[in-house]
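In this chain, residues are counted from 1 in sequence order. For ligands, and for the atoms within them, numbers begin at 1 and follow the listed sequence.
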Amino acid sequence: MLNIDEFRQEGHRLVDEIYNYYKNIEQYPVKSQVSPGEIFERLPREAPQEPEKFSSIMQDFQEIIMPGITHWQHPNFHAYFPANASFESILAEMLTSAIAAQCMVWATSPAAAELEEMMMNWLRDACGLPSKWHGVIQDTASTATLVSLLTAREKRADYSINKKGFSGEERFIVYCSTQTHSSIDKAVRIAGIGDDNLVKIGVDDNFAMKPDLLEARINRDIEAGFTPLAVVACIGTTSCTAIDPISEIGQICEKFSVWLHIDAAFAGSALILDEFSDLRRGLEKADSYVFNPHKWLFTNFDCSAYYVRDKKALVRTFSIMPEYLKTGVDSDVNNYRDWGIQLGRRFRALKLWFVMRSFGLEGLRDKLRLHIRLCDEFRERLYQGDNFEILFTGRFNLVCFRYNPEQISDENKLERINSELLSKINESGEVFLTHTKLDGKYALRFLVAQTYAESRHLHKAWEIINRYASDIIR
Ligand SMILES: *Cc1c(COP(=O)(O)O)cnc(C)c1O
């Protein structure tokens, strides 16, 4: 066991290790190369009875754990969406874990509650979101979407389902597009609405929800005796960063008194840029909105910003007041345990404060613009050669493409070639990409969003992709 002086010594050493990690991060394979079970097999079967030396724990960390890590902060991590960090955010997380406060209610750390309120306001205003919205930090967008659907359900049912459970009379329907994230499916299940009552509306050529189809379906459902409960629209779908037409969807929701939740988990960060101000149009019609600073705003996972128009409905859905949690100031403060699912909460606002102050909004904007520009450069290269086909290019920093040097039209063959290419690229450990399917076509996704990505990393990615692509054809 460490005493406080040993803690200090090991702590200094650890910061140096972290420094070395970031200095040398490009030497690690981006995607972990281990096979299933490999790490588990290397671990002792039982916890030690006797204390072990800290140095041997650290040694095992390097030898056993690190090989099984996929390096999300590697600048050649182009997969999924990022979970990016920054040095400011890491330092803030160190403080958060040192203080180790449990911030369930205001009184359990007033600074955490009040900083959270202010950080949510800073972010809201930086993004140009409606000024009347109230924000709260959730762990993930999945949780925020669940919280949103539960609030929609309770508000519509006059808070009776919380009290009595489902009566069997409710026939709620939730709508999203065919492209929306699996977290919507999950939320619909957990909220008791059921898979069969989640309707996936078709999309246009840009993978955006077609509002006319939505309206027609709502009309049909009403005629059939269902209650349209909520629409989940998306700014920046996970597959290809498509953008649903928020204004039109908002008008339809208003017309039919349907709850509107907006999932901007990844692309919401782009709203700090005025060149995306058109995406703010129609947001005032939304009931709730989520985006993840832990994705593209350099704030360590987890940190999800959830906004609502009707704070009372949210709190009424989640507030339970047992005697042991009453504090005497409850009517004057935000007790964030009432704003979501968990009781216990980490002090997550601190890292946002560190990041927003140390970068400044201008610094954040510069980073986002750099990523978008680097992605543009990559896309230009794809356009220029004859070997690659661009399947979709969004407005942000993601391009979906595939290798097709011989104008092959057989989809199966193209899928085989490209999935083999993807495996080769990822096995190299030099860069990490993932794939999707667009309209049935297998596509490689290339994203530029890593905090410390520079032009040279794009050159490297381009070189690696081409190297393995030419191997495939040979
Ligand atoms: C990543 C993502 C989610 C899920 O985010 P979590 O915070 O991991 O729950 C939901 N929706 C979209 C559009 C996403 O990109």
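- The aromatic rings of Phe291 and Tyr307 sit parallel, their planes meeting at an angle under 30°, below the 60° perpendicular limit.
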What are the distances between nitrogen or oxygen atoms of ligand 1 and protein nitrogen or oxygen atoms, counting only those under 3.5 Å?
unit_1	atom_1	unit_2	atom_2	d
ligand 1	7 (O)	Ala141	N	2.8
ligand 1	7 (O)	Asn292	ND2	2.9
ligand 1	7 (O)	His294	NE2	3.4
ligand 1	9 (O)	Ala141	N	3.4
ligand 1	9 (O)	Ser142	N	2.9
ligand 1	9 (O)	Ser142	OG	2.5
ligand 1	11 (N)	Asp263	OD1	3.2
ligand 1	11 (N)	Asp263	OD2	2.6
ligand 1	15 (O)	Thr238	OG1	3.1
ligand 1	15 (O)	Lys295	NZ	2.9

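- Between Tyr452 and Tyr22, the angle of the ring planes goes over 60°, which puts this pair in the perpendicular group of the 30/60° scheme.
- Aromatic ring pairs are classed by plane angle as parallel below 30°, tilted from 30° to 60° and perpendicular above 60°; the pair Phe396 and Trp296 is perpendicular.
- Geometrically, Arg217 does not engage Tyr175 in a cation-pi contact defined by less than 6.0 Å to the ring centre and at most 45° from the axis.
- Ring orientation note: the planes of Phe81 and Phe266 are close to parallel, at an angle under 30° on the 30°/60° scale.
- Residues satisfying the side-chain contact (heavy atoms from CB on, under 4.5 Å) criterion with Asp125, sequence neighbours excluded, are absent altogether.
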